[in-house]
Amino acid sequence: MTASLTPAERSAELSNRLRRVHTRITSATAGGAAPTLIVVTKYFPASDVDLLAGLGVTDVGENKDQEAAAKALSVQAQDLNWHFIGQLQSNKAKSVVRYAAAVHSVDRLSLVTALGKAMAAEQSRRAQAGEQPRADLDVFLQVDLREQAAAGGSSGAGAGTGAGRGGALPRELPELAEAAAATPGLRLAGVMAVAPLGADAREAFARLAALSGDLQRDHPGADAISAGMSGDLEAALENGATHLRIGSDILGPRPPVR
Ligand SMILES: *Cc1c(COP(=O)(O)O)cnc(C)c1O
């Protein structure tokens with residue numbers, strides 16, 4: 001159990017796991033451009049985030065606003081980039097833009113609008129408080145890579161709109177991209193996806209790479225591809241991933257939800 005380790009022991013454990021992941025990344029990229037490694041710290045304490053920062057980690061990922069906001073306030077480490085990677089309700093946008101550099105889970109027009117409004121409010125809050133304006137929010141469009149999503153069928157859980165969907169349908173991307181690119185305070189960074197359960201990750205990430213190519217024809221700067229988790233980072237890197245989101249292979253198994 002994590003709790004029984006001293007900070008020095010925990011740091012050594014994180015360091016070893018981080019090194020193994022870096023070794024996997026290096027051999028998968030074979031001297032190519034290094035991706036951004038986002039260490040997913042969900043369910044783990046702020047103390048782990050501080051230990052990771054001490055080991056040179058610059059980017060961390062979280063999937064729940066309440067947990068992320070509290071952690072971002074309590075970490076000692078400065079200048080970390082916080083990436084929001086979970087499903088996001090529009091009413092949490094105001095909170096998220098206070099700490100997040102990027103949101104990887106933008107999957108609908110109403111969320112683009114909410115994030116744009118939240119950024120405007122955050123910039124005026126900062127101006128009134130005499131603080132520096134923040135940088136534009138990096139927006140990744142999350143794509144549903146399930147086959148029935150590509151086919152545009154209306155059957156199957158989460159097809160179309162509604163709860164539980166893991167991203168926008170591929171055909172919805174152009175309109176979402178236009179909206180994000182036209183919204184002050186947002187920077188359209190690129191695409192994001194999770195390989196569907198039971199699917200061949202290489203095949204899924206190849207489709208994501210093709211969608212990224214389509215997106216870049218209209219938005220040349222939107223060249224980021226957020227793909228690859230602990231189990232499939234090699235498949236993602238083979239298909240052009242620029243941002244990896246790695247949790248359990250660095251932090252260890254997630255603690256049971258209390
Ligand atoms: C938890 C999570 C990850 C990290 O997954 P691991 O398998 O622990 O590496 C990556 N992406 C998203 C969207 C997640 O929710």
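Along the sequence shown, the residues carry numbers beginning at 1.
A side-chain donor-acceptor contact under 3.5 Å links Glu9 to the backbone of Thr6. Listed for the Ser230 side chain is a donor-acceptor partner under 3.5 Å among the backbone atoms of Asp249. Formation of a donor-acceptor pair under 3.5 Å by the Glu172 side chain with backbone atoms of Leu169 is found in this model. Here the side chain of Asp65 pairs no donor or acceptor atom with the backbone of Lys92 at under 3.5 angstrom.
Between the CG atom of Leu52 and the CG atom of Leu80 there is a distance of 9.0 Å, given to the nearest 0.5 Å. Taken from CD in Glu13 to CD1 in Ile250, the straight-line distance is 12.0 Å, to the nearest 0.5 Å. Here CD of Glu122 is found 7.5 Å from CE of Met119. Values are rounded to the nearest 0.5 Å. Here the CE atom belonging to Met229 is positioned 11.5 Å from the CG atom belonging to Leu244, to the nearest 0.5 angstrom. Taken to the nearest 0.5 Å, the CG atom of Leu73 stands 8.0 Å off from the CZ atom of Arg98. The distance from atom CZ of Arg187 to atom CG of Asp136, rounded to the nearest 0.5 Å, is 8.5 Å.
A salt bridge is defined here as a Lys NZ or Arg NE, NH1 or NH2 lying under 4.0 Å from an Asp or Glu carboxylate O, and Asp200 with Arg202 fails to meet this definition. Salt-bridge check for Glu234 with Arg24: passed, with a basic side-chain N closer than 4.0 Å to an acidic carboxylate O. Using a cut-off of 4.0 Å between Lys/Arg side-chain N and Asp/Glu carboxylate O, Glu131 and Arg125 are scored as salt-bridged.
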ask   = Should Leu215 and Leu188 be marked as a side chain to side chain contact (heavy atoms under 4.5 Å, CB included) after you check the CA-CA gap, both sets of side-chain angles, and the distance that decides it?
value = CA-CA 10 Å; Leu215 178 70; Leu188 179 62; 4.2 Å; yes
task = Starting from the C-alpha separation in whole Å, work towards a yes-or-no answer on side chain to side chain contact (heavy atoms under 4.5 Å, CB included) for Leu88 and Leu111.
result = CA-CA 8 Å; Leu88 181 57; Leu111 183 55; 3.9 Å; yes
request  = Please lay out, stage by stage, how Leu141 and Asp107 fare under the test side chain to side chain contact (heavy atoms under 4.5 Å, CB included).
outcome  = CA-CA 6 Å; Leu141 305 180; Asp107 61 356; over 6 Å; no
request  = Test side chain to side chain contact (heavy atoms under 4.5 Å, CB included) on Val49 and Lys71 and set out the steps.
outcome  = CA-CA 8 Å; Val49 179; Lys71 232 178 264 184; 4.0 Å; yes
task = Report the C-alpha separation of Glu67 and Lys42 in whole Å, then their side-chain angles, then the decisive distance to 0.1 Å, and conclude whether the salt bridge (Lys or Arg N to Asp or Glu O under 4.0 Å) test is met.
result = CA-CA 8 Å; Glu67 178 181 347; Lys42 64 189 183 194; over 6 Å; no
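Hydrophobic clustering (side-chain heavy atoms under 4.5 Å, transitive across Ile, Leu, Val, Met, Phe, Trp, Tyr) groups Val106 together with Leu109. In the hydrophobic cluster analysis, where Ile, Leu, Val, Met, Phe, Trp and Tyr join through side-chain heavy atoms closer than 4.5 angstrom, Val139 is grouped together with Tyr99. Hydrophobic clustering (ILVMFWY, side-chain heavy atoms < 4.5 Å, transitive): Val194 and Ile225 are in distinct clusters. Hydrophobic clustering places Leu51 together with Val57 (ILVMFWY residues linked when any side-chain heavy atoms are closer than 4.5 Å, directly or through intermediates). Trp82 and Phe44 end up in the same hydrophobic cluster when Ile, Leu, Val, Met, Phe, Trp and Tyr side chains are linked at under 4.5 Å.
Closest approach of Phe205 to Ala195, counting heavy atoms only: CZ-CB, 3.8 Å. The heavy-atom pair separating Thr183 from Gly116 by the smallest distance is CG2-CA, 3.6 Å. Across every non-hydrogen atom of Leu145 and Ala204, the tightest pair is CD1-O, 3.5 Å. Between Ser74 and Asp50 the shortest heavy-atom distance is O-OD2, 4.5 Å. The minimum heavy-atom distance linking Ile246 with Gly228 is given by the pair CD1-O, 4.1 Å. When every heavy atom of Ala227 is checked against every heavy atom of Leu208, the shortest pair comes out as CB-CD2, 3.8 Å.
A heavy-atom distance below 4.5 Å is not found between the side chains of Asp214 and Leu173. Here the side chains of Arg134 and Val97 are in contact, with some heavy-atom distance below 4.5 Å. Here the side chains of Pro35 and Thr29 are in contact, with some heavy-atom distance below 4.5 Å. Using a 4.5 Å heavy-atom threshold, the side chains of His104 and Ile38 count as touching. At a threshold of 4.5 Å between non-hydrogen side-chain atoms, the residues Leu37 and Asp59 do not count as touching. Between Asp48 and Thr41, the closest side-chain pair of non-hydrogen atoms is not below 4.5 Å. Residues Arg126 and Gln132 have side chains not in contact (no heavy-atom distance under 4.5 Å, counting atoms from C-beta outward). Side-chain contact between Arg108 and Ser90: present, with at least one pair of heavy atoms (C-beta onward) separated by less than 4.5 Å.
A donor-acceptor pair shorter than 3.5 Å cannot be found between the side chains of Arg254 and Ser248. For the 3.5 Å distance criterion, the side chains of Ser212 and Gln216 qualify, holding a donor opposite an acceptor.
In this structure, the ring of Phe140 has its center less than 6.0 angstrom from the ring center of His243.
Under a 4.5 Å side-chain heavy-atom criterion applied to ILVMFWY residues, the cluster that includes Val40 comprises Ile85 as well.
Summarising the local packing, CD of Glu175 is surrounded by 12 or fewer heavy atoms from other residues, nucleotides or ligands at distances under 6.0 Å.
Qualifying side chain to side chain donor-acceptor pair (under 3.5 Å) partners for Lys94, counting only residues two or more places apart in sequence or in other chains: none.
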